[in-house]
Amino acid sequence: MRQGLSNKIALTRVEERLYRPANAYEHGVLTSFERIPVDISVTPEAACETIADQICEAIKTKGDQPFTLVLSGGTSPEPLYQALIKRYQAGQLSFRNVHLFPMYEFVPLASEESGVMAQIRERLAQHCDIPEANIHGFESKLSTEGVGAAIRRFESKIEELGGIDLLITGVGRRGSVGINAPGTVFSQATHLSVLDATSIQEAVSTFNTKENVPPTAVTLGLKNLNEAKKVILLAWGEAKAEVVQRLVEQPVSENLPASYFQQHSNATLYTDLPAAGLLTRINHPWKVTSVKWNSKLVRRAIVWLCQETGKPILKLTNQDYSDHQLGELLTLYGSAYNVNIKVFNDIQHTITGWPGGKPNADDSHRPERAEPAQKRVLIFSPHPDDDVISMGGTFRRLVVQGHDVHVAYQTSGNIAVGDEDVIRYLAVLRNMAERLGMEDSELYRHAVDLRRFLLEEKEEGSIETPEVRFVKGTIRVEEARTADRFIGLDEDHVHFLNLPFYETGGIKKNPPTQEDVDIVIDLLREVKPHQIFVAGDLADPHGTHKVCLDVALAAIDVVKHDDWFDDTWVWMYRGAWAEWEIDHIEMAVPMSPEELRFKRNSILKHQSQMESAPFLGDDERLFWQRAEDRNRATARLYQDLGLASYEAIEAFVRYHPVD
């Protein structure tokens, strides 16, 4: 099993010199828009190797003197912990003189096994030689009344040790650091803070379920953090790209607490390429340097130029190119007209009403092959509604156009069903049994007992029992079947994989294993599809989409050597969290108003995921609203570029298996 293949997806080949400048002069030119030092690596693991080396050197430099290290919770530091443990095990590093402090701690904690310090112990401290006396956390039973004294003891201990030598923290999706959310003032010291919705969502990785997250936390304030001798900020993944761009290239603002580190004399932000994807030197490199132009970069530049000038592609002039630092393209292509025609045709050829290929047609300028005319299609859906949310119009079009369509739901999605839905269905089952005189049946007793458990006995935030998970999973199964029937799919073409990694009963999932991959391999070899659709939505804040993508790609990595796979294409769609940038789109499937309404109705078949769905995230719109807004925005962008005007468009990017 090859793990993490989604990390190798490179939709745009970024020149290495853009994130690894050859000299100080080139670095100065490339970073002219940046207000804080940024170190960009290809992967988080590569970045953390660099950071770990720096930490080794810093600890050794202190000699026998105490080294005060403050760490945040969450998942961002995890690859760094692995790098540090590796160096300790190799004898390159000792933590004997290191004093560990959590950057923040939740209040009140249920036990010593929960919270940020418990997470740091589990993932770092217990694997190294850090003396127990050097681990400084808040008391596990700290009450809100005792917070003031605890804060004074906490700050006094840091001061006694000579202050913070190194602070390492992830950057939140809204630019928070610790529990310093947007609106926190710069002068605030350590304080008790009420968690906002985003902080609660980000804390789920620490407490497993949303309900387990305490309502408040004690956090070092921005004043304390700015007094650290050295600050390392971490941001990984596409979901952090927008906040990284704001943090790095926009002025200091209370609405972006991490931006205060622009004023720190020794702060560095470490990112991977996806998180740095919106920085000027990566996203619009022509604004700071000469570039090696390829077709995707040209398309991105022209779309950007259209947005800057408010013009469609075919109305751009030589003067527009010259005024916006794109004169290189005039030299390369001879004139604005030549570039305009090339890019216009390139984007025009992405549009198709035949996502499975148009039979008996010239397919030289179409995104999909004409043959075979009727294809076997396999749609992978991470949850039981991602298929209709993300590509419901295309799904319907493939069925109507006569393709042999299968859909595979990779996980049960059971934890996304609220208890109230289960209680309602159990009541229906109970009432039916009573009407049929089946009160003495085991099924009736079980339904009554389970309903009582949910209403009276279940502890808030507890891990779901197998019985509750089964009912919740069944609700999602039947909703998916209802939506598939509505679309026109035969029931024997609907596959529920129930990948084992997901079945933990809580939000925190297990790592994927070969067992998960083998389930997908078996289905691929059974269906032998000509087309595979997978969810490429790496901005999913809960991470399930990425795991499901990695499992699917690991399975594809195995079957790509089968004879039947020679005629298979893989397409990636995006879900409720983001859309493909237009420079990446390779297939755009338009929808009429009626088709968009049909897609909405197919999403609404998933009743448990409407208003009461527990994981809508920060976006208050429901999933069908997000999908419609996103699809309409894509259509509007095509229209603004001077192409045909459609009600909505679903977009896809082709995946090429890596060697």
Side-chain angles (χ1 to χ4, degrees), residues 110-111 113-114 200-201 204 207-214 381-386 408-485 491 494-510 515-516 519 542 544 548 603-617 622-623:
S111 69
E113 287 72 42
S114 62
I200 291 173
Q201 190 61 57
V204 165
F207 290 94
N208 193 48
T209 68
K210 188 175 180 179
E211 292 77 12
N212 281 347
V213 178
S381 179
H383 302 97
D385 58 353
D386 289 310
Y409 300 108
Q410 292 172 273
T411 71
S412 66
N414 50 27
I415 65 165
V417 177
D419 289 348
E420 286 300 322
D421 287 289
V422 179
I423 292 167
R424 182 172 67 252
Y425 282 105
L426 289 172
V428 171
L429 182 60
R430 180 198 61 189
N431 294 339
M432 287 183 62
E434 289 174 351
R435 181 175 179 81
L436 296 172
M438 298 174 61
E439 291 92 338
D440 292 334
S441 68
E442 184 176 348
L443 178 61
Y444 176 82
R445 290 193 297 272
H446 189 74
V448 171
D449 290 343
L450 192 55
R451 184 173 181 273
R452 182 188 305 113
F453 166 75
L454 292 173
L455 284 171
E456 302 174 8
E457 302 172 17
K458 183 182 177 184
E459 294 182 8
E460 186 176 350
S462 61
I463 297 296
E464 301 283 18
T465 65
E467 291 81 5
V468 173
R469 278 158 44 200
F470 170 78
V471 179
K472 291 186 174 183
T474 301
I475 290 172
R476 300 216 66 180
V477 163
E478 296 308 321
E479 289 175 343
R481 283 190 173 133
T482 302
D484 292 335
R485 282 196 302 272
E491 286 202 8
V494 182
H495 309 270
F496 297 94
L497 305 186
N498 293 321
L499 296 182
F501 85 87
Y502 186 87
E503 297 302 319
T504 62
I507 293 175
K508 187 175 181 180
K509 305 305 179 187
N510 292 323
E515 182 181 4
D516 298 293
I519 291 171
H542 310 300
T544 300
C548 286
I603 297 172
L604 291 174
K605 301 300 181 186
H606 295 269
Q607 296 178 14
S608 69
Q609 301 305 294
M610 294 302 104
E611 284 85 349
S612 61
F615 302 119
L616 291 172
L622 302 179
F623 285 124

Lys/Arg N to Asp/Glu carboxylate O, Arg481 vs Asp484, below 4.0 Å: no
Start with the C-alpha distance between Phe470 and Ser412, add both sets of side-chain angles, then the distance that settles side chain to side chain contact (heavy atoms under 4.5 Å, CB included), and finish with yes or no. CA-CA 9 Å; Phe470 170 78; Ser412 66; over 6 Å; no
Run the side chain to side chain contact (heavy atoms under 4.5 Å, CB included) check on Val468 and Leu450 step by step: do they pass? CA-CA 8 Å; Val468 173; Leu450 192 55; 3.8 Å; yes
Looking only at heavy atoms, which two atoms of Arg476 and Gly413 are closest? And how far apart? CD-O, 3.0 Å
Side-chain heavy-atom pair Asn431, Glu434 within 4.5 angstrom cut-off: yes
More than 12 heavy atoms of other residues, nucleotides or ligands under 6.0 Å from CD of Glu457: yes or no? yes
Which atom pair, heavy atoms only, marks the closest approach of Cys548 to Phe501? SG-CZ, 4.0 Å
Decide, yes or no, whether a salt bridge links Arg445 with Asp440 under the criterion of side-chain N to carboxylate O below 4.0 Å. no
Expected output: side-chain Thr411 to main-chain Pro382 donor-acceptor under 3.5 Å: yes
Stepwise side chain to side chain contact (heavy atoms under 4.5 Å, CB included) test for Thr482 and Arg485: CA-CA 5 Å; Thr482 302; Arg485 282 196 302 272; 3.4 Å; yes
Just how far is it from atom CG of Asp385 to atom CE of Met610, taken to the nearest 0.5 Å? 7.5 Å
Nearest 0.5 angstrom please: Leu455 CG to Ile423 CD1, how far? 4.0 Å
Can you give me the closest heavy-atom contact between Ala447 and Leu429, atom names plus distance? CB-CD2, 3.8 Å
Take Thr474 and Tyr425, measure what side chain to side chain contact (heavy atoms under 4.5 Å, CB included) needs, and give me the verdict at the end. CA-CA 11 Å; Thr474 301; Tyr425 282 105; over 6 Å; no
Quick one: pull up OG1 in Thr465 and CG in Leu454 and give me the separation to the nearest 0.5 Å. 7.5 Å
Could you check whether any side-chain N or O of Lys472 sits under 3.5 Å from a backbone N or O of Val417, counting only pairs where one atom can act as donor and the other as acceptor? yes
Would you give the length of the straight line joining atom CD of Glu439 to atom CZ of Arg430, rounded to the nearest 0.5 angstrom? 11.0 Å
Please determine if Lys509 forms a cation-pi arrangement with Tyr502, meaning its NZ or CZ atom is less than 6.0 Å from the six-membered ring centre and no more than 45° off the ring axis. yes
dist Arg424:CZ -> Ser608:OG (nearest 0.5 Å) comes out at 8.5 Å
Any donor-acceptor N/O pair, Gln609 side chain to Ala416 backbone, under 3.5 Å: yes
Please confirm whether the backbone N or O of Gln607 pairs with a side-chain atom of Glu479, one donor and one acceptor, at under 3.5 Å? yes
Which pair of non-hydrogen atoms, one from Phe496 and one from Ala480, has the smallest distance, and what is that distance? CE2-CB, 4.0 Å
Is any side-chain heavy atom of Glu464 less than 4.5 Å from a side-chain heavy atom of Asn414? no
Rounded to the nearest 0.5 Å, what separation is found between the CG atom of Asp516 and the CG atom of Asn498? 11.0 Å
